[in-house]
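Here's the structure, in structure tokens; my notes come after.
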Amino acid sequence: MDYNPREIENKWKAYWKEHEVYKVENPASGESEKPKFYVLDMFPYPSGAGLHVGHPLGYIASDIFSRYKRMSGFNVLHPMGFDAFGLPAEQYALETGIHPAKSTSENMERYRTQLDNLGFSFDWSREVQTCNPKYYKWTQWIFLQLFDHYYDNQENKSKPITDLVQHFEQNGNAGIDAANSQEGSFTAEEWNAMSKQDQEEVLMNYRLAYRKIGYVNWCEELGTVLANDQVKDGVSERGGYPVIQKAMKQWYLRITAYAERLLNDLEEIEWTDALKTIQSNWIGRSEGASMFFDIVGSDEKIEIFTTRPDTIFGATYMVLAPEHDLVEQLTTADQKQAVDDYISYVKAKSEVERQAEKEVTGAFIGAYAINPFTNEQIPIWIGEYVLKDYGTGAIMAVPSDDERDQRFAKKFGLQIIDVVDKSKYPGATLSDKVGVIINSGFMNGMEVPEAITAACQKAEEMGIGKMHINYKLRDANFGRQRYWGEPFPVIYDADGLVHGLPLEELPLMLPDTDDFKPTKGGRSPLARLEDWTNLSDGRSRETDTMPAVAGSSWYYLRYMDPDNEDAFAGQNAVNYWQDVDLYVGGSEHAVAHLMYARFWHKFLHDKGLVPTNEPFKKLINQGMIQGVIEFIYLDKNSPEDARRFVSAEIAAQEPDGDFAKIPVHIDYVTDYGSDKSYLNLAGIKQFIDWRPDYANASFESATGTYKSGVFDSPGGAADITFVTLSEVGKMSKSKFNVINPDDVIEQYGADCFRMYEMFLGPIEQSKPWDTKGISGVSSFLRKFWGLFFDAQGTFSVSEEPASKEEMKILHTAIKKVTTDIERFSFNTCVSAFMVATNDLRKLNCNKRAVLDPMVRLVAPFAPHAAEELWLRLGGMDGMKTVQEAGFPQFDEKYLVEDSITYPISINGKKRALADFPADASKEDLERDALALEEMQKWLEGKTVRKVIVVPKRMINIVVG
RNA sequence: GCGGGUGUGGUGAAAUUGGUAGACACGCUAGACUUAGGAUCUAGUGCCGCAAGGCUUGGGGGUUCGAGUCCCUCCACCCGCACCA
């Protein structure tokens, strides 16, 4: 029988479904005969374009690993679900009027079908959808827990806010060391005398979920708040309208409370160093001093943070962030115009643009501060390189020892005083913390580290500052002015006080609407639903919704116990599954999702609700599979009613600026993805059918010109070769280059698709999609299948014992595949299968002793074919699936060699190969190698200075 | 700007601890079989060279008996930067 993937795969997909082969049970408390293993994929956002060939890369890898672990005797949890709230569905709703719930649910269904088509071993009975009220009930509940807790720095854990209130009632905020944004101190009497509102204001500065003013990208023209990636060059991506930074009161999460733990605990998890570095840079811990500078003629003080307090004698001016609270108050009348102009210049820029700005910009505000160590008056400036949200939003500028300060000082003619003598450290850069302090009073002669301590001590004695650890990590903005997200489960009373809803009232359902446009002032569409928003007695609901990161911060816990109605997950389930053993996903989630999930997990751990300190023990990143975008050149100067397109070779001869690149649907392109990709006449016709506005356009190429149905070729060519431009880029609906795995599977089968994606290269590497090599994998599968059948196509397996050579081929493959799965090197596993199959074919081997373990070995990779072959081998006896058969174990005894082929080098260059006995001594090897006939011409007339022999590896003869 | 990553044949790549560079595939060349081939099989295929041999892992330098692998330096490309998910 020929290998017919379609038939086999449909049969087994149906069988798996019917027999619930991949359903996983939570063992009753205490008993678990098998060790647990939790393999998780980052769940997808179900986009309208459907699953493309890039998505499955990680899923295939994790599925192979899950199947391998299952066959190795583990109880494997391998679930899947959907990150179903998010902006694209809402954007789509705005354009089409189709409700996000509807489009999302359709998209999820489509994804599910596509995922099933790939033969994954997901336990779908555990599916979670973040937009399902049964799920977001618990997202809301966790949010309320955050709202009801503060972080105690002494005990290093979060505690109920009621504890804090009790403390305030008795002691004010003295003696409390908590993560907070409270300014100043108050006594118990002061606390008790405060109004409810004032008390709530204070508590907001401690809660882990709290409200404060934040800045958003506001586009007046569109009447909406924009995401950073919807803003390009200070204008909206859609429409190109101006965007400014607008202040809005919003919900935040106090992730900074966990900064130290998020940083330190990176040590206990197996993530790549690159990923850990990204997280640790994101957290951005720096040690230094916070200090207060007095202001001439004002009672206000400017608080700064510096990592270099030792250079304070060189602080000749200060720079505030343009948004700093004191700017307005301190600006003098004659500088007002300049300052206002500068602020409006800054407001039009995004933070990334501000930091990327190479030119130094700033404005003097007219006021002066006093350097507390030199008592000199120093001017106060504002500049975009100082960020409002980093540190205190103000710096003491030391132009002698900070590069940016130096450029600023040089541009604006500010004083520069050298305070660090680096002559003892040749090659040290400005930012290296080395040197001897000069021009600095009591610190003169000290080395930098010593001076840092001394400066902190002095500042503390003077009562103007202290040692301080600063983090770049900021509290996360947790509010979105959008419809399609979790509603905040809170109610504002008539006095504006926030009340969390009790558990019985959860979930707070997202109300239905058909109008997804933002409400005036940038408020969410929910604000338009007055019946929902406004309650009796002047009470109202929050109209912001939660960001997509909310639902994804804890979904991995829900899979453990997805139907629990009394808790986010039952304690039995959580204590059994513990944490994720292997997490596979894209590195684009390196900070946001992975940081918030770690934060929520630690918070739940503090509450005693999860047993582990970290959610994801091991994590691997899969690379992206990019698409190729095909463009054709449109002459921008051609008239509207007679557009002129030119083939790439013609465009190359004319100035670049004359052409616009129009993306073409890749289905129309011949030789898609190659440098020679082109449209033929049929392709051009398809293009015109698709874009009828170009019906009258001309298409010029070296082979001739096509216009209005006529192809005129001077050379008499029968068809046009209209060359397109191929560029590697994201696979996206808007680029018309999405490749649906279903189409590939239709042609080659899911087993082939799975193996081919693995065969493409290392899992973590990005690469453009290319089907060039798929035939190699396809023919491998046919050859492998062929091992089990005779020339007449009859299933035929021999019971004869296997030869030594055959056993060696088998065990070489088992060893290679086992070690390579363990190190996530799936591409080399596929090679190993090919090598084994080629070798067995040469020996015409059809022996059960070899083929039975081979089937179990390929089962994780090609599960459908493996099931069919396993059934035919008679292995199904008493089992539902080959997954229940054990994974083959290799035995070194089949791998021992009698002789070893040694490369023999002269001065490190290979000159000969020779076989020597495996147990030959170093001395024998050296003697025999030197005696080899083919070596004599290299040794002639030379002195052998040294012979290096590495047994079982190589021999190197050094001559001179 | 800050941070992360990647550079090896015509192409995707392999080389697990510093020890035979290019496994395994694609493509290409030649041949066999066939009515036919975008099927299958066999052989060859890093580059230069008739050969002997030389060169070769982005460029340059270093350490070493030996470097794709370690160190220094330069270059190119890709990704992320807090409201895309």
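Predicted model only: the values in this text are computed from it and were never measured. Proteins come first, then strands; the chains are lettered A, B, ... in the order of their sequence lines, and each starts at number 1.
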Sugar-phosphate only, base, or nothing, as touched by A/K816 at under 4.0 Å among non-hydrogen atoms: base
Candidate pair A/N621 and A/E764, rule side-chain hydrogen bond (donor to acceptor under 3.5 Å, both in side chains), full reasoning: CA-CA 5 Å; A/N621 285 129; A/E764 68 278 5; over 6 Å; no
5' priority, RNA chain B, between A/P903 and A/K767 [closest heavy atom]: A/K767
Euclidean distance, A/M935 CE relative to A/R911 CZ, rounded to 0.5 Å: 8.5 Å
RNA chain B base-pair string [pairs: Watson-Crick or G-U under 3.5 Å; |: paired with another strand]: (((((((..(((......[....)))((((((.......))))))(((....)))..(((((..]....))))))))))))....
So which protein N/O to nucleotides 65-72 of chain B N/O distances come out below 3.5 Å?
{"from": "B/C65", "atom 1": "O2'", "to": "A/N956", "atom 2": "ND2", "distance (Å)": "3.2"}
{"from": "B/C65", "atom 1": "O2", "to": "A/N956", "atom 2": "ND2", "distance (Å)": "2.7"}

Near-ring test A/Y385/A/F408, centroid separation under 6.0 angstrom: yes
Distance test, side-chain N/O of A/R782 to OP1/OP2 of B/U40, below 4.0 Å: yes
Rounded interatomic separation in angstrom, taking NE2 from A/H55 and P from B/A85: 14 Å
For A/A84 against A/C131, the heavy-atom pair lying closest together: CB-SG, 3.5 Å
Candidate nucleotides B/A15, B/G54, B/U20, ranked by approach to the side chain of A/R911 - the nearest: B/G54
Whole-Å gap separating C1' (B/C84) and CZ (A/R482): 10 Å
Whole-Å gap separating C1' (B/C2) and OH (A/Y385): 16 Å
Atom pairs under 3.5 Å: protein N/O with N/O of nucleotides 42-49 of chain B:
none

Residue A/P762, side-chain atoms from C-beta onward, closest of B/U17, B/A14, B/G54: B/A14
Minimum side-chain heavy-atom gap A/Y92-A/F516 below 4.5 Å: no
CE on A/M834 to CG on A/D839, rounded to 0.5 Å: 13.5 Å
Sugar-phosphate, base or nothing in reach of A/I904, heavy atoms under 4.0 Å: nothing
Any A/R480 side-chain nitrogen or oxygen under 4.0 Å from OP1 or OP2 of B/C83: yes
Working for side-chain hydrogen bond (donor to acceptor under 3.5 Å, both in side chains), residues A/Q622 and A/Q765: CA-CA 7 Å; A/Q622 97 263 12; A/Q765 218 157 85; over 6 Å; no
Whole-angstrom distance between B/C26 and B/C75, as gauged at atom C1': 30 Å
Validation row, ring centre A/Y136 to ring centre A/F85 under 6.0 Å: yes
Nearest-Å distance for atom pair CH2/P, residues A/W484 and B/C84: 19 Å
Under-4.0 Å side-chain N/O to phosphate OP1/OP2 contact, A/N827 with B/A14: yes
Rounded distance in Å - CZ (A/F780) to C1' (B/U40): 18 Å
Inter-residue atom distance A/W282.CH2 - A/M595.CE, 0.5 Å rounding: 7.5 Å
Among A/I900, A/I904, A/T901, side chain to side chain contact (heavy atoms under 4.5 Å, CB included) partner for A/F916: A/I904
Integer-rounded Å distance: B/A82 P and A/F478 CZ: 18 Å
Base orientation of B/G10, syn vs anti, 90° cut from 0: anti
Nucleotide of B/U16, B/C55, B/C83 approaching A/K909 most closely (side-chain heavy atoms): B/C55
Presence of salt bridge, A/E542 and A/R211, under 4.0 angstrom: yes
Per-nucleotide protein contact string for nucleotides 25-33 of chain B, where B marks a base within reach and S marks sugar-phosphate only (heavy atoms under 4.0 Å, - for neither): SS-------
Would you tabulate the nitrogen or oxygen pairs shorter than 3.5 Å linking the protein to nucleotides 3-7 of chain B?
{"from": "B/G3", "atom 1": "O3'", "to": "A/N281", "atom 2": "ND2", "distance (Å)": "3.0"}
{"from": "B/G3", "atom 1": "O2'", "to": "A/N281", "atom 2": "ND2", "distance (Å)": "3.1"}

Between P of B/U20 and NZ of A/K952, the distance in whole Å: 16 Å
Pairwise C1' distance for B/A23 and B/U35, with rounding to whole Å: 40 Å
Sugar-phosphate, base or nothing in reach of A/G479, heavy atoms under 4.0 Å: base
Sugar-phosphate, base or nothing in reach of A/A548, heavy atoms under 4.0 Å: sugar-phosphate
Ring geometry between A/F824 and A/F826 (parallel below 30°, tilted from 30 to 60°, perpendicular above 60°): perpendicular
Rounded interatomic separation in angstrom, taking CG from A/D820 and C1' from B/C24: 12 Å
Sugar-phosphate only, base, or nothing, as touched by A/Q250 at under 4.0 Å among non-hydrogen atoms: base
NZ (A/K952) with more than 12 external heavy atoms under 6.0 Å: no
Candidates B/A82, B/G54, B/A85 - which lies nearest the side chain of A/P88: B/A85
Set of side-chain contact (heavy atoms from CB on, under 4.5 Å) partners for A/D751, sequence neighbours left out: A/Y3, A/E9, A/R754, A/L781, A/A862, A/P863, A/H864, A/A865
Spacing of OH belonging to A/Y252 relative to CG belonging to A/N477, to within rounding of 0.5 Å: 4.0 Å
Check: A/W600 ring centroid to A/Y258 ring centroid under 6.0 Å: no
Plane angle bin for A/F833 and A/F780 - parallel if under 30°, tilted between 30 and 60°, otherwise perpendicular: parallel
Sugar-phosphate only, base, or nothing, as touched by A/V216 at under 4.0 Å among non-hydrogen atoms: base
